[in-house]
Amino acid sequence: MKYDFSAIEKKWQDKWDAEGVFKASEDHSKPKFYGLVEFPYPSGAGMHVGHIKAYSGLEVISRKRRMQGYNVLFPMGFDAYGLPTENYAIKTGIHPRKVTDMNIEKFTSQLKRVGFSFDWSRVVDTTEEDYYKWTQWIFRKMFDEGLVFRATTLVNYCPHCKCVLSNEDSQGGKCDICHNDVIQKSKDVWYLRITEYADKLLQGLDKVDYLPNIKLQQENWIGRSEGAFANFAIAGTDDVLRIYTTRCDTMFGVTFMVIAPEHPIIEKYRDRITNIDALDAYKDECAKKTEFERTQLVKDKTGVRIEGLTAINPANGKEIPIYISDYVMMGYGTGAIMAVPAHDERDYEFAKKFGIDIIEVIKGGDISKEAYTGDGEMVNSEFLNGIATKKEAIETMLKYLGEKGVGEKGIQYKMKDWAFNRQRYWGEPIPIIHCPHCGMVGVPYEELPLRLPEMENFAPGEGGESPLAKVESFVNCTCPKCGGAAKRETDTMPQWAGSSWYFLRYCDPHNTEALASKEALEYWLPVDWYNGGMEHVTRHLIYSRFWHHFLYDIGAVPVDEPYAKRTAQGMILGSDGSKMSKSLGNVVDPIDVADKFGADVLRVYVLFMGDYGSAAPWNDDSVRGCKRFLDRVAGLCDMAKGSGVTAKLETSFHKTIKKVSSDIEEMKFNTAIAAMMSLLNEIYDCGSLTCDELGIFARLLYPFAPHLCEEIWETVGGNGLCAVAEWPVWDEAKTVDSTIEIAVQVSGKLKFTKEIPADTSKEDAIALVKEDERMKPFLEGKTIVKEISVPGKIVNIVVR
RNA sequence: GCCGGAGUGGCGGAAUUGGCAGACGCCCGGGACUUAAAAUCCCGUGGGACUUAUAUCCCGUACCGGUUCGAGCCCGGUUUCCGGCACCA
C-alpha cells in the first residue's frame, strides 16, 4: 500500500466525525474515563508544536481507553480572555470578540487537522455569555460566603500593562505577561481568600496521584510553617508589638526588633516618634524600589531606628530598640519580627551594620564571625539553659509564653490571598455594585451574566482605571438592596478565573440551569487524568483546586479534589537546543510538518523524540525517520496474507502488546514506539505475516497514528472502525521464549553468552555453564569460591 | 542561599528489584538498484590494542572514593547543568 497521507487523513477524519465515535456518550452505565488537557489560549500565532506534544499524551491514552470499552470524555475548549487579544485589538482596532472568534476558528481547524479525538460537541469558550455567567456565579457565591474582600494594600503592579497582578502572576518580580519589572503600589484590590483553603489544598495532596515534583512545588508555594506568635510590650504604652517566629527558643537572644516600613504602629505613634521625617523618607524610598531591587540587593541591609519607641522583651524584661527595614515584609506574619542576631543571618547582618549587641543563646558556632543557625545547648537563657534540643527548648518557651499570656503557637503560610481584579477590558466583569448606603452589594443572581459592554476604545485609563469606567451606561445603576443610585465595579477578573472551573463545564456544557447537572458531575468527576505544563502548577492548578474545594463546600460538586491524577509534558526546544522563539527564528509550525509528512508522522514524532516529561530539541531528520517508519508500516499491507499466526513472530507479538500496553499507561511513549519499530524490523526479517497479525499491529499503533491504522484495519478486513476495535490482549505464557540467552561471568567479568532452555533451574544453569567448553580455560588450576545464578540473567563463577 | 531533578556514543535517548551498558531512531561510512540523483534496500557504526581474518584483550555511564561475586543504578564526597522558591522571620 502506498501511504498517501493527505487522502487517508481526510477520509478517516470525515468517517470518525460522521459516526460520532469521539462523542462522550450519555450512557452513564458504562465505565468512564475523563482525560483532560489544558485548553489553549487562542493566540493569533496559531498552534505551536508544544500544544501538539501536550495534547498527544492523553490523546493516545484516550484512544486506547475507547478501545478498552470506556466511555471517554476527552474535551477541548478555549481560554480566550486575556491581554494579548486585548492589546492586539487596541493596536489594530479590531474588536477583541472578533479577534477571539478568528483565533478560535484557526485553532479548531488546526486541531482537527492533526486528528485529535476531542469531543467537538462539548467545546467551551470562556468568553461566551453562557460560560462566564457561571464564572460570575461562582464569584458571587464566594462573595456570599465571605471569601471575597476588598483592601487597600501594597500590591504587585505592572506599569507597562497598567494592571494589578497577583503574587502568582509576578513570580521573580517580573510581570507574567510582558516580563517587565513589577513595582509595589498602593491600590484598592479585590482579594479571594485562598489562604483560608491553604490547609485543605495541602492536605488534599495526600490523596491525589500527582507527579512528586508537582506536589512538592505546590507544597512549597503554600509554604506552611509552624511557629509562635508573641507580644512584645511597647514601653510606656498599653500597646504590644506582635511578632511571628519559628524560633521562640531564642527569645533571650533578642536584642532589637524590626518592623516593615508600612507597619501601622508608625502612624499610631507619629506624635511620640521623634524622627518621623527620617522614617517617612525611608518608607518613600522603599516604595520606589522594584521587587527586583528589593530581592537582588539582599546583602545590603538598610533601615532606620525608631526614636521614641522601645519594646520590652517578654522573656527577660529588657528594653530593646525598634527599627524599620524593608527586609521585613508587611505581607508575611505580622509585619514585625524579634531579631536574634546571634542565630539569624539577616538579623546578624543588620546588627553588625547598626552596631547592635549580639548575644549567644545556642552553643555550637562562633558568633564573632557569623550567625549560628544550628542546634546546640541553650545558654544565657535563664530557665532554658542546659536544654540541648531545639524541640524541647521551643516547647518550654511556648509553655512560658502561654502561662504569661504573651504568646501562643501559630501557623503561617507563604501563600497570599489572591489579588483578583484587573484593570482591563477583555475579562469577566466583576458582579459587584458599590452603593453609597449599602456598601458593596452583589449583582443579583438572576441578572447574571453581567454582560461586558460593547466599546470602541478599550485602552486602560491613565490613572490605572479599567476601560469600563468610561462606559456610563454600564457604571451607573441602581442598588439592588435599597434602590438608590449606585455604581458598578469596573474591574474585570484575571484570566485564571475562567480556567478555574472549565473541566466542570465539559461535563454538561449546554446546561442553562446550572454550571453542570448533578448527574453529569457525579458521573464524570473527578477528572481521571489531567496533563499540562509545569508552568501552571503554582497558578492554574492551585487556583482551580481552590475553586473546586469551595464548590465542594457549598455542595455544588460531589468530590473535593478535582483531579485524581496529574502529569506534565516537557517542552519542545528549537533544533539549536534553546527555547523556541520568534526572535531566534527556531519556531516549528506543526501544520507545516503535517502538510509535509502527514499528521500521523507529526504525532508519532512528538512522542518518540524523547522522554515525555523532559525537554527535548526538535530535529527535522528524526521526523523523517518517523516518516520512514510509517511508510514501512504501510508496506506491510502488501506482505500480509491469510489468517492465523506466524510461529516465528508469535512471541514477539505478545511481548510487544504487553510492552506497548504498559508503556502507554506510564507515558513512556518513546519506548512504546521503539518496541513497535523493533517488531516491524522483525516482521521484515521474517518476510511475511498474516492479516490477523497486521490487524494487531494496526490496533497497537492506532492511538499514535490513527489515520494510517484505520486504513490498514480496513485493508485487512477489520470489523468496523479501528477506533472502536478491541485493544489487543497478550497471553503471558506466550511472552516468554523457549530458550534464553544468559550472560556468563567469571569473577564478575563477562566472558561469553550462552543459550539455555528458559525453564532451566538455578542449579542446572550453573552445571550447564561449567560443562561449557569455553569455560575450561577459566577454571583450570583455580578454585571455585562461589557460584551465583540469577534465572534468565547471569551465571557468575567466582574463582581464586 | 534553600529545595528538587539530572549528567550515558557524533546527536535524541534505552536499560524490572544492582545482573550482557548503548534498545529504538537520527547522523555518518560502505555497498546494491539507477545513465545519474532522490527514494528504497543491505551491511557497518562507543573508544582503543593486536590480527590477513576469525578470535581475543583493555578502557568506557560527570569526577574521587566505598559497599558487592557483580554498580549507570546503592552509600560518602566533589563538580556541572536544568527547574522551582528566594530577606518567609
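Source: prediction; values computed, not measured. Every chain is numbered from 1, with letters handed out A, B, ... down the list of sequences.
- Taking atom OH on A:Y323 and atom P on B:A89, their separation rounds to 23 Å, with Å as the unit.
- Side-chain rings of A:Y191 and A:W418 stay apart, their centers remaining 6.0 Å or farther from each other.
- If you find the closest nucleotide of RNA chain B to A:K751 and to A:S225, the one lying nearer the 5' end belongs to A:K751.
- Ion pairing of A:K390 with A:D249 is absent here, as no side-chain N (NZ or NE/NH1/NH2) approaches a carboxylate O to less than 4.0 Å.
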What N/O pairs connect the protein and nucleotides 1-8 of chain B at under 3.5 Å? Give each pair on its own line.
none

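- Taking 4.0 angstrom as the limit, A:Y244 places none of its side-chain polar atoms (N or O) nearer than this to OP1 or OP2 of B:A89.
- Annotation: B:U79 and B:C64 have their P atoms spaced 15 Å apart (nearest Å).
- Straight-line distance from the CD1 atom of A:I411 to the P atom of B:A89: 13 Å, rounded to whole Å.
- In this structure, A:M571 places its CE atom where only 12 or fewer heavy-atom neighbours from other residues, nucleotides or ligands lie under 6.0 Å away.
- Closest to the side chain of A:K668, out of B:C24, B:C57, B:A15, is B:A15.
- Rounded to a whole Å, the CD atom of A:E219 is 22 Å from the P atom of B:G83.
- A:D620 places its CG atom 16 Å from the P atom of B:G12, with the value rounded to the nearest Å.
- Atom-to-atom, CH2 of A:W221 to P of B:G83 comes out at 17 Å; the value is rounded to the nearest Å.
- Between B:A32 and B:A39, the distance separating the two C1' atoms is 14 Å to the nearest Å.
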Pairwise N/O distances under 3.5 Å, protein to nucleotides 20-23 of chain B:
from: B:C20; atom 1: N4; to: A:E741; atom 2: O; distance (Å): 3.2
from: B:C20; atom 1: N4; to: A:E741; atom 2: OE1; distance (Å): 3.4

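- Between A:R628 and A:D631, no side-chain nitrogen of the basic residue sits less than 4.0 Å from a carboxylate oxygen of the acidic one, so the salt-bridge criterion is not met.
- Within 4.0 Å (heavy atoms only), A:D631 reaches no atom of the nucleic acid at all.
- Between A:K301 and A:E345 no salt bridge is recorded (no basic side-chain N to carboxylate O distance below 4.0 Å).
- For A:R628, no side-chain nitrogen or oxygen approaches OP1 or OP2 of B:C41 to under 4.0 Å.
- Across the C1' atoms, B:G7 and B:G60 are found 15 Å apart, a figure rounded to whole Å.
- For the residue pair A:E732 and A:W730, a side-chain donor N or O sits within less than 3.5 Å of a side-chain acceptor on the partner.
- Between A:R624 and the phosphate of B:G25, there is no side-chain N or O to OP1/OP2 separation shorter than 4.0 Å.
- Remark: A:S614 is not in phosphate contact with B:G13, judged by side-chain N or O atoms under 4.0 Å from OP1 or OP2.
- If you measure from atom CD1 of A:I797 to atom P of B:G70, you get 14 Å, rounded to the nearest angstrom.
- A donor atom on one side chain and an acceptor atom on the other are found under 3.5 Å apart for A:E38 and A:H536.
- In this structure, A:R632 forms a cation-pi arrangement with A:Y684, its terminal cationic atom sitting closer than 6.0 Å to the ring centre and no more than 45° off the ring axis.
- Residue A:D347 is classed as having no contact, given no heavy-atom separation below 4.0 Å to the nucleic acid.
- With hydrogens and angles disregarded, a donor-acceptor distance shorter than 3.5 Å links the side chain of A:Y372 to the backbone of A:D375.
- Comparing the P positions of B:U51 and B:G44 gives an interatomic distance of 24 Å, to the nearest angstrom.
- Residue A:L607 is tested with A:S56, A:P703, A:C626 for a side-chain contact (heavy atoms from CB on, under 4.5 Å); the sole match is A:S56.
- Considering only the side chain of A:K749, B:C59 comes nearest among B:A89, B:C59, B:C87.
- Atom P of nucleotide B:G13 and atom CE of A:M609 are separated by 8 Å, given to the nearest angstrom.
- The strand RNA chain B forms stems, runs of 3 or more Watson-Crick or G-U wobble pairs with distances below 3.5 Å, at B:1-7 with B:79-85, B:10-12 with B:24-26, B:28-32 with B:40-44, B:46-49 with B:56-59, B:62-66 with B:74-78.
- Counting any heavy atom pair closer than 4.0 Å across all strands shown, A:G223 reaches no nucleic acid atom.
- The distance between atom CG of A:D326 and atom P of B:C87, rounded to the nearest whole Å, is 10 Å.
- B:G9: glycosidic angle within 90° of 0, hence syn.
- If you look at A:F350 and A:Y323, their ring centroids are closer than 6.0 Å.
- Between A:D737 and A:K655 a salt bridge is recorded (basic side-chain N to carboxylate O distance below 4.0 Å).
- The residue A:R632 sits close only to the backbone: its heavy atoms come under 4.0 Å of sugar-phosphate atoms, none of a base.
- Along RNA chain B, the nucleotide nearest A:P617 and the nucleotide nearest A:I673 are compared for position; the residue whose nucleotide lies closer to the 5' end is A:P617.
- Nucleotides B:G1 and B:G70 have their P atoms positioned 39 Å apart, rounded to a whole Å.
- Nucleotides B:C41 and B:U54 have their C1' atoms positioned 28 Å apart, rounded to a whole Å.
- Using a 4.0 Å cut-off between charged side-chain N and carboxylate O, A:R224 and A:D199 make a salt bridge.
- Under 4.0 Å is where a charged nitrogen must lie from a carboxylate oxygen, and between A:E408 and A:R242 at least one such pair does.
- Backbone-only contact: A:A615 has heavy atoms under 4.0 Å from sugar-phosphate atoms and none from a base.
- Taking the C1' atoms as reference points, B:G84 lies 31 Å from B:U16, given to the whole Å.
- Spacing of P atoms, B:G77 relative to B:C3, comes out at 13 Å, to the nearest Å.
- Nearest to the side-chain atoms of A:I337 among the listed nucleotides B:G84, B:C26, B:A89 stands B:A89.
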